[in-house]
Amino acid sequence: MIELMIECWSYPDGRSDFLWSVWREGHRLQMGGKHASVEAAEAEGLAFCRKALGRPPDRVTRL
């Protein structure tokens, strides 16, 4: 199973960054950089899956 995870990092000054990572069978395959929105992080993570793995993830999890 391939899972795309989207993380939200919140800072004391009110900023938030969104990062993505792709996992397969409990092992991280790739991690992306900071994004200003959850949508941008998810779009980049989905593009990675399609390009590098040839298919979309089985599950997208927003943390």
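For this chain, numbers begin at 1 and follow the sequence in order. What's counted below: heavy atoms across the whole structure, side chains too, no hydrogens, waters or symmetry copies. Given the structure is predicted, the values throughout are model-derived calculations rather than measurements.
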Output for pair (D17 CG, Y11 OH), nearest 0.5 Å, gives 4.0 Å
Worksheet entry | Co-membership, hydrophobic cluster, residues W20 and L46, 4.5 Å side-chain | yes
Distance col, row R59:CZ vs I2:CD1, nearest 0.5 angstrom, shows 12.0 Å
Side chains of V22 and C49, heavy atoms from C-beta outward: is any pair under 4.5 Å?
yes
Indicate every side-chain donor-acceptor pair of residues 29-40 with a distance under 3.5 Å to a residue at least two apart or in another chain.
residue : atom : partner : partner atom : Å
H35     : NE2  : E44     : OE2          : 3.4
S37     : OG   : A40     : N            : 3.0

I6 with F48, same ILVMFWY side-chain cluster at under 4.5 Å
yes
Applying salt bridge (charged side-chain N to carboxylate O under 4.0 Å, His left out) to R50 and not counting sequence neighbours gives none
To the nearest 0.5 Å, atom OG1 of T61 lies from atom CG of L4 at 8.0 Å
Note to self: Do M1 and R24 have side chains that approach each other closer than 4.5 Å (heavy atoms only, starting at C-beta)?
What the structure shows: no
Following the transitive rule for hydrophobic clusters with a side-chain heavy-atom cut-off under 4.5 Å over Ile, Leu, Val, Met, Phe, Trp and Tyr, establish whether V60 and L53 coincide in one cluster. yes
Please tell me if the side chains of R62 and E42 come closer than 4.5 Å, counting only heavy atoms from C-beta onward.
yes
